[in-house]
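Contents: one structure, followed by commentary.
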Amino acid sequence: MEIQMWKEILTPYELAVEELQLKFNHMIKEYRQAGIYSPIEQVLGRVKSISSIIQKAQKRNIDIDKIEENLFDIAGIRLICQFTDDIYNVVNLIKNRSDMEVISEKDYVKNIKESGYRSYHIIVKYKVETVKGTKIIPVEIQIRTLGMNFWAIIEHSLQYKYDGNIPEHVKSRLSAASDAIITLDNEMSSIHDEIIDAQNFVTIKANIVTEILTTIQSLYKVANKQEIISIQDEFYEIYQNGDLAKLQRFARQLDIMAEDYRAQTIQ
Ligand code: 0O2
């Protein structure tokens, strides 16, 4: 197939990956802005390279003209989570979306592959609008923890290094590493609530500080310099003290002050 033809085939897949990365990243942003723990930690995406597509098609005896009907992972999204439980929450989030339809799923978290590979795979149908019209694209979404991702990346590069024939002694080390990651994921899950509380505290504090600094900046235009300096001093003192409730109270007082100035400006 000519390179131009490949480009035409792959363009809607690129669009699907770009749109989905944006949507999942926006989901993370919405959670964080609301000060709520996000079950998705990181979003990655890729369109399979032409050489990998050809290689996979040859391995499976798929005619190159039939790849679109037979290969479902040309567009790939990877959602990285902190905890194993998050994986299942993300699966439900995907199932409840109206912009994609789940066509198949494989739970390699519960049914670990012989290699030691763990991940949850979902194939969805996703609609994109191109200049040539609407196109339905299959997208493979892999959902895994940071630990599972670490293992899969290392194993994948070893597959390349040994051309798919990893020696037995390396395989058994990989299997031991996979077991160690299961233990790590389980340990992390057992302190799940404490970690989430700590992370929520940091996110909420960061949101309030941003809000306070934005209000102080807006007050520069209307309040007198001396007043601004004393507000800033008060803010630094409360911030250093680290009391979240005091910071929240201070943010509310500042809001009222800014609102008063706004009302005066309108009069
Ligand atoms: P790439 O380069 O990541 O795209 P198959 O594709 O034949 O392996 P199937 O049924 O299509 O099998 O899909 P399956 O088993 O759900 O796996 C699809 C993808 O999951 C793979 O795509 C890998 O990304 C990942 N995967 C599956 N098993 C393993 C494994 O043992 N180790 C690692 N590191 N990744 C795995 P590709 O096309 O193989 O590769």
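Just follow the structure's listing: the first ligand is 1, and inside any ligand the first atom is 1. As the structure is a prediction and not an experimental result, all values here were calculated from the model.
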Would Lys95 and Glu105 pass as an ion pair if we require N to O under 4.0 Å?
yes
Proximity of Phe250 and Tyr239 rings by center, below 6.0 Å:
no
Those residues with a heavy-atom separation under 4.0 Å from ligand 1 are Arg46, Lys48, Lys56, Arg60, Asp73, Lys106, Tyr108, Lys113, Ser115, Tyr117, His121, Glu140, Gln142, Ala152, Glu155, His156
For residues 39-51, run the donor-acceptor check on the side chains, cut-off 3.5 Å, and write out each pair with its distance to 0.1 Å, sequence neighbours left out.
residue	atom	partner	partner atom	Å
Glu41	OE1	Gln82	NE2	2.8
Arg46	NH1	Asp73	O	3.2
Arg46	NH1	Ile74	O	3.3
Arg46	NH2	Asp73	O	3.3
Lys48	NZ	Asp73	OD2	3.4
Ser49	OG	Ser51	OG	3.4
Ser49	OG	Ser52	N	3.2
Ser49	OG	Ser52	OG	2.9

Pairs where residues 158-181 contributes a residue and the test side chain to side chain donor-acceptor pair (under 3.5 Å) is met, not counting sequence neighbours
Glu155-Gln159
Check whether any side-chain heavy atom of Trp151 sits under 4.5 Å from a side-chain heavy atom of Tyr117, and report yes or no.
yes
Sequence neighbours excluded, which residues qualify as ring-ring contact (aromatic ring centres under 6.0 Å, His included) partners of Tyr13?
none
